[in-house]
Amino acid sequence: MSQAENKKKRFYWLIIASIVLLISLVLCFNGNSESKNNDLGTCDNPEQAFKETQKALMMLSTNVNVGIESVLYIREYEESKNLIFKKSINKKK
């Protein structure tokens, strides 16, 4: 792999990590402002706990998928931009 490809990969991973961190912070601060009581969400029924865990993971998955789609859109934009500029540079020569 070339150095430019490594930089692109690092850039994409940085974007993904930033999006995940941002989503985590939003969920964390949002959750703290809404729940004022000391109940930490413990469940007496294991089935209820399982359903609540699935619900939380589905919400997280949805947000991560949105972030990944954004990164894919950025990648497509970069590829298109590179293709256009490479062709326009070749035409000038």
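The only member of R10, K8, K9 that meets side chain to side chain contact (heavy atoms under 4.5 Å, CB included) when paired with Y12 is K8. Each of L21, L27, V20, V26 was checked for a side chain to side chain contact (heavy atoms under 4.5 Å, CB included) with I23, and the lone residue meeting it is L27.
In E47, the CD atom is not crowded: 12 or fewer heavy atoms of neighbouring residues, nucleotides or ligands sit closer than 6.0 Å.
Between N63 and M59 there is a side-chain heavy-atom pair separated by less than 4.5 Å.
Without hydrogens or angle criteria, S61 side chain to L57 main chain gives no donor-acceptor distance under 3.5 Å.
A distance of 13.0 Å separates CG of L22 from CD1 of I15, quoted to the nearest 0.5 Å. The CD atom of Q48 lies 10.0 Å from the OG1 atom of T53; values are rounded to the nearest 0.5 Å. Here the straight-line distance linking atom NZ of K81 with atom CD1 of I74 works out to 11.5 Å at 0.5 Å rounding.
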